[in-house]
Amino acid sequence: MATRAAAGAAVTGAAVVALLSAGFALYGPPLDAVLERAFWLNKAHSIKDMETTFQLVRNIIPPLTTKKHKGQDGRIGVVGGCQEYTGAPYFAAISALKVGADLSHVFCTREAAPVIKSYSPELIVHPVLDSPNAVQDVGKWLPRLHALVVGPGLGRDHVLLSTVKGILEVSRARDVPVIIDADGLWLIAQQPALIQGYQKAVLTPNHMEFSRLSEAVLGDPVDSSDPQEAVLRLSQALGNVTVVRKGERDVISDGKQVLECSQEGSSRRCGGQGDLLSGSLGVLVHWALLAGPEKTNGFSPLLVAAFGACSLTRQCSRQAFQKHGRSTTTTDMIAEVGPAFTSLFET
Ligand SMILES: NC(=O)C1=CN([C@@H]2O[C@H](COP(=O)(O)OP(=O)(O)OC[C@H]3O[C@@H](n4cnc5c(N)ncnc54)[C@H](O)[C@@H]3O)[C@@H](O)[C@H]2O)[C@@H](O)CC1
Ligand SMILES: Nc1ncnc2c1ncn2[C@@H]1O[C@H](COP(=O)(O)OP(=O)(O)OP(=O)(O)O)[C@@H](O)[C@H]1O
Ligand SMILES: [Mg+2]
């Protein structure tokens, strides 16, 4: 367990960067106002030394060319979808495709599968999660997947969670990057060892999920006065697993650096926005790891990917809200993924 003093010492030694992206004109260049505040506690670098985080996200985006084959820009899996929840895995999987993945798989329970298939012919849906050989059924796809998003709409059934434990163990053994969200985080709060020290894991907790994880891992309630330190401490305690704490501002840390994303979103808090984020992150994590640290200017590729997914989700929310106001739903946000991506990363 990390103590507050230990965390404080690590902060002092580490390069801590807080990047706040203030609002900028819709469809306008994002560089104008993205870097509101940046500092390195060891003073070795200054704001002028650094490219903006948006530029780093742009650096990891693979070019669209006629030379590629299907699958090269991303084959993403989503583990989730049960009797109660079919929307969440759909949102995550379709978001991965809309961001630019070539293939998007959903591994769900038998009864959720026809429902999810009926939402979209573009998803590949495997009704395997409640089968007796579920771990092997998912495991045989792992060599063909670039990242696995675990948890959207998974539910908390004990048998399903123990299957997912097995899937996480196999994924880790195969070095497959995992993005853990929603009920996947419920499992991690009970068994943090599953991802302890795994450098290709990213956790994307909302407010409640973050509190649950912090209490389970650090043993004390979250210090709401210092969100950055709270995220830094949790990441450190988990062995530098990347943590993305969603909220009014998204705080991202790998236990060494802290990024903050306050890209303007909207005041609509409809369900499913986090699923858009975790699905998008699946693709961006693959792209970032492929690009490597030389393209991210020494920053952790996972931090850059997370910043990209957070800013994209919030921009989708902003654009959808401008069109639909109070009636905005996640489906409206998904329709904005293309334009939002272009306005943030391709201008
Ligand atoms: N259409 C769907 O199928 C959807 C299914 N979902 C699934 O629903 C399941 C449960 O997810 P939940 O997110 O409800 O998880 P939890 O059961 O942990 O609930 C989180 C709770 O925290 C509350 N909360 C969120 N932000 C807060 C804040 N800033 N301050 C105080 N309270 C806050 C929310 O109201 C919610 O009740 C997951 O499997 C998830 O993926 C959601 O993703 C939403 C969409
Ligand atoms: N108060 C807020 N203001 C602006 N954006 C927010 C706010 N709270 C959350 N968001 C944004 O909404 C997105 C989803 O975060 P949220 O906390 O709703 O996740 P979630 O509860 O997991 O969602 P889901 O319903 O998909 O499970 C993130 O991009 C986050 O930045
Ligand atoms: Mg969620």
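Whatever order the structure lists them in is the order used to number ligands and atoms, beginning at 1.
Every atom of ligand 1 with a heavy atom of Asp183 under 4.0 Å away is listed here by number and element: 9 (C), 38 (C), 39 (O). In the vicinity of Gln273, heavy-atom distances shorter than 4.0 Å reach the ligand 2 atoms 12 (O), 13 (C), 14 (C), 26 (O). In the vicinity of Thr313, heavy-atom distances shorter than 4.0 Å reach the ligand 2 atoms 29 (O). Per-residue contacts place Gly272 under 4.0 angstrom from the following atoms of ligand 1 (heavy atoms of the residue considered): 44 (C), 45 (C). Every atom of ligand 2 with a heavy atom of Asp275 under 4.0 Å away is listed here by number and element: 26 (O). The atoms of ligand 1 that sit less than 4.0 Å from any heavy atom of Leu154 are 39 (O). Interface of Ala182 with ligand 1, defined as ligand atoms under 4.0 Å from a residue heavy atom, comprises 38 (C), 40 (C), 41 (O). For ligand 2, the atoms closer than 4.0 angstrom to any heavy atom of Asn206 are 17 (O), 19 (O), 20 (P), 21 (O), 22 (O).
Shown here, atom 11 (O) of ligand 1 is out of close reach of the protein: none of its heavy atoms lies under 4.0 Å off. There is no protein heavy atom closer than 4.0 angstrom to atom 18 (O) of ligand 2. Within 4.0 Å of atom 34 (C) of ligand 1, not a single protein heavy atom is present.
Contact annotation: for Thr330 versus ligand 1, there are no heavy atoms closer than 4.0 Å. Contacts between Arg156 and ligand 1 below 4.0 angstrom, taking non-hydrogen atoms only, involve the side chain exclusively. With a heavy-atom cut-off of 4.0 Å, Arg269 touches ligand 2 through its side chain alone. If you look at Ala88 next to ligand 1, the close heavy atoms, those under 4.0 Å, come from the backbone and the side chain alike.
Taking a 4.0 Å cut-off on heavy atoms, Gly153 registers as neighbouring ligand 1. Using 4.0 Å as the threshold, Pro152 has a heavy atom nearer than that to some atom of ligand 1. At least one heavy atom of Gly271 sits less than 4.0 Å from an atom of ligand 2. Ligand 1 lies less than 4.0 angstrom from a heavy atom belonging to Arg212. At least one heavy atom of Gly272 lies less than 4.0 angstrom from ligand 2.
Without hydrogens or angle criteria, Ser235 side chain to Leu232 main chain gives no donor-acceptor distance under 3.5 Å. In terms of modelled atom types and a separation under 3.5 Å, the side chain of Lys98 and the main chain of Gly338 share no donor-acceptor contact.
For a threshold of 3.5 Å applied to N or O pairs, the pair formed by Glu209 and ligand 2 contains no separation below that value. Considering backbone and side-chain atoms alike, Lys246 places an N or O below 3.5 Å from some N or O of ligand 2. Of the N or O atoms in Leu277, none lie within a sub-3.5 Å distance of an N or O in ligand 2. Polar contact with ligand 2: present for Asp250 (N/O pair, distance under 3.5 Å). Considering backbone and side-chain atoms together, Met208 places no N or O closer than 3.5 Å to any N or O of ligand 1. Looking at ligand 2, you won't find any N or O of Asp181 less than 3.5 Å from one of its N or O atoms.
Between Phe345 and Phe54, the angle of the ring planes lies from 30° to 60°, which puts this pair in the tilted group. Using bins of under 30°, 30° to 60° and over 60° for the plane-to-plane angle, the ring pair His146/His286 lands in the parallel bin.
Looking at Gly151, Gly87, Cys270, Gly247 and measuring to atom 1 (N) of ligand 1, the nearest heavy atom belongs to Gly87.
Linking ILVMFWY residues whenever their side-chain heavy atoms come closer than 4.5 Å, directly or via other members, places Leu142 and Val178 in the same cluster. At a threshold of 4.5 Å between side-chain heavy atoms, the hydrophobic network of Ile, Leu, Val, Met, Phe, Trp and Tyr places Val78 and Val115 in one connected group. Hydrophobic clustering (side-chain heavy atoms under 4.5 Å, transitive across Ile, Leu, Val, Met, Phe, Trp, Tyr) keeps Leu103 apart from Phe91.
Remark: minimum distance from atom 1 (N) of ligand 2 to any protein heavy atom is reached at Glu248 CA, 3.5 Å.
Remark: of the listed residues Val202, Val150, Ile180, Ile179, Ile179 is the sole one forming a side chain to side chain contact (heavy atoms under 4.5 Å, CB included) with Ser278. Screening Val285, Leu289, Leu284 for a side chain to side chain contact (heavy atoms under 4.5 Å, CB included) with Trp287, the sole residue that qualifies is Leu284. Partner Gln319 forms a side-chain hydrogen bond (donor to acceptor under 3.5 Å, both in side chains) with one of Gln322, Gln315, Lys323 and no other, that one being Gln315.
Other residues, nucleotides and ligands contribute more than 12 heavy atoms inside 6.0 Å of the CZ atom of Arg144. Counted within 6.0 Å of CZ on Arg269, heavy atoms from surrounding residues, nucleotides or ligands total more than 12; the atom is thus considered enclosed.
Ion pair Arg233/Asp226 not flagged as a salt bridge, since none of the NZ, NE, NH1 or NH2 atoms sits closer than 4.0 Å to an Asp/Glu carboxylate oxygen. A salt bridge does not link Lys68 to Asp102: none of the charged side-chain nitrogens sits closer than 4.0 Å to a carboxylate oxygen.
With a 6.0 Å cutoff to the six-membered ring centre and a 45° limit on the axis angle, Arg268 does not count as a cation-pi contact of Phe321.
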Can you give me every donor-acceptor pair (side chain of residues 80-88, partner residue at least two apart or in another chain, under 3.5 Å) with its distance?
residue : atom : partner : partner atom : Å
Thr86   : OG1  : Tyr119  : OH           : 2.6

